[in-house]
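Written out below as structure tokens is the structure these notes cover.
Every chain is numbered from 1, with letters handed out A, B, ... down the list of sequences.
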Protein chains: 2
Amino acid sequence: MPHQDPGFETDHNHQHCIQQALDTARSLCRERSLRLTPIRELVLKLVWQSHQPMGAYELLPALADAGFNSAPPTVYRALEFLQEQGLVHRIASLNAYVGCPHPEHPHTSGFLICRHCQRAVELDSAPVHQALADTAADVGFEIEQEMIEVVGLCPDCRDEESRDA
Amino acid sequence: MPHQDPGFETDHNHQHCIQQALDTARSLCRERSLRLTPIRELVLKLVWQSHQPMGAYELLPALADAGFNSAPPTVYRALEFLQEQGLVHRIASLNAYVGCPHPEHPHTSGFLICRHCQRAVELDSAPVHQALADTAADVGFEIEQEMIEVVGLCPDCRDEESRDA
DNA sequence: TTGATTATGTTATACTATAACAAACATTTT
DNA sequence: AAAATGTTTGTTATAGTATAACATAATCAA
Ligand SMILES: [Zn+2]
Ligand SMILES: [Zn+2]
Ligand SMILES: [Zn+2]
Ligand SMILES: [Zn+2]
């Protein structure tokens with residue numbers, strides 16, 4: 001049984017998160033008859049290993065180290081595949097990518113992004129979703145995709161700033 | 001007295017919108033003792049003239065036509081100034097900029113973006129805002145800036161698609 | 001006027017992402 | 001197994017977005 005998403009909690013076994021994300025990805029691709037190739041799996045692992053969202057170009061050196069071609073198309077193709085399967089999300093305001101903790105069913109992407117430690121945690125709030133749906137309905141707009149990127153201070157960094165102040 | 005925001009309505013006098021936006025910008029800059037220079041004013045006008053969000057590089061030719069330097073820094077500086085004053089917003093998922101219809105007080109940026117006609121209208125929904133605030137408060141996150149970009153079909157384009165189907 | 005501040009011009013470069021086509025690999029059909 | 005097909009990766013080039021750095025010009029405050 002999967003443990004709770006760690007959110008901004010730092011004291012968890014992140015190796016476990018990574019391993020679980022890879023396992024989920026493998027079974028999900030098997031179900032869908034898709035190939036989680038070595039490159040794709042490596043990119044997914046790299047994205048998960050980082051606590052911060054990672055830029056595409058940050059991933060290239062690790063691809064090179066692993067003996068793969070490390071030209072931009074390689075990593076962008078892998079990221080595209082992973083995004084299509086809901087395994088990673090792109091954060092537009094950062095031009096960066098993060099692993100999705102529950103890729104089984106497609107969902108809207110929403111993040112709380114700390115401007116201090118750069119960590120981003122996925123936000124899945126039914127009330128936010130509902131409020132958006134209501135507002136869109138009011139003006140006759142049909143929602144297909146939501147992007148919510150909230151920047152601010154995570155609990156840890158907020159404490160830290162208030163101590164300094 | 002300002003008229004209602006036109007939203008996705010097409011049958012309005014857009015010249016009037018533009019003129020009002022420029023007037024507001026001028027008085028706002030006067031109040032704040034800031035300079036709405038010719039370049040800044042032109043960029044603001046260009047952004048307002050377009051019904052679609054405009055990319056920075058799309059603005060350059062018009063700057064050249066008006067006799068200004070048209071290297072990228074020129075337009076990015078103007079956009080930066082306008083953003084700081086709340087006169088335009090950047091839409092991260094489009095790398096594009098739109099005029100803000102009520103720049104008097106700073107506010108979160110939220111948009112409904114039509115994937116068919118590319119129009120983007122600003123969304124200012126208290127319920128959405130509240131739901132986000134509640135959700136953030138639950139995890140101890142302090143919100144500083146919200147970016148909401150909802151992609152879908154505007155009323156016009158939705159009608160059009162359903163006729164074709 | 002002098003000096004400080006702000007804005008613009010100019011050149012170069014960094015960063016992000018995709019196009020296009022060839023080669024390698026996997027899968028299915030014969 | 002061989003051939004045909006479809007998918008993935010390699011490779012080169014280029015498009016698109018944004019900023020650094022420094023010189024010049026305009027504005028503002030003594
Ligand atoms: Zn997710
Ligand atoms: Zn933080
Ligand atoms: Zn606005
Ligand atoms: Zn539309």
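- Considering only side-chain N and O atoms, B:R90 lies under 4.0 angstrom from the phosphate OP1 or OP2 of D:dA18.
- The distance from atom CZ of A:R77 to atom P of D:dT12 is 13 Å, rounded to the nearest whole Å.
- Using a 4.0 Å cut-off, some side-chain N or O of B:N95 falls inside it from OP1 or OP2 of D:dA18.
- No side-chain donor from either of A:H129 and A:H107 sits under 3.5 Å from a side-chain acceptor of the other.
- Comparing atom distances between the B:N69 side chain and each of C:dA19, C:dT10, D:dT9 picks out C:dT10 as nearest.
- A sub-4.0 Å separation between OP1 or OP2 of C:dA17 and a side-chain N or O of A:Y76 is present.
- Residues B:M147 and A:V128 fall into different hydrophobic clusters, defined by Ile, Leu, Val, Met, Phe, Trp and Tyr side chains chained together at heavy-atom separations under 4.5 Å.
- Two rings, from B:H12 and B:H14, have their centers less than 6.0 Å apart.
- When the C1' atom of C:dA17 is taken as reference, atom CD of A:Q83 falls 12 Å away, rounded to whole Å.
- Between B:A56 and A:G67, the residue anchored closer to the 5' end of DNA chain D is A:G67, taking for each the nucleotide with the nearest heavy atom.
- One can place CG of A:L60 at 15 Å from C1' of C:dA14, the figure rounded to the nearest angstrom.
- No donor-acceptor contact under 3.5 angstrom links the side chains of A:H116 and A:E161, judged on distance only.
- Atom-to-atom, CG of A:L34 to C1' of D:dT7 comes out at 11 Å; the value is rounded to the nearest Å.
- A side chain to side chain donor-acceptor pair (under 3.5 Å) with B:T108 is found for one member of B:Q145, B:E146, B:H89 and no other, namely B:E146.
- Note: CG (A:L42) to C1' (D:dT9) measures 14 Å, nearest angstrom.
- The OH-C1' distance, from A:Y57 to D:dT17, rounds to 12 Å in whole Å.
- Taking 4.0 angstrom as the limit, B:R35 places none of its side-chain polar atoms (N or O) nearer than this to OP1 or OP2 of C:dT5.
- Put simply, CZ on A:F68 is 17 Å from C1' on C:dA23, counting in whole angstrom units.
- Close to D:dA18, at under 4.0 Å from its OP1 or OP2, lies a side-chain N or O of B:Y97.
- Nearest to the side-chain atoms of A:T74 among the listed nucleotides D:dT11, C:dT8, D:dT8 stands D:dT11.
- Note: CD (A:E80) to C1' (D:dT9) measures 14 Å, nearest angstrom.
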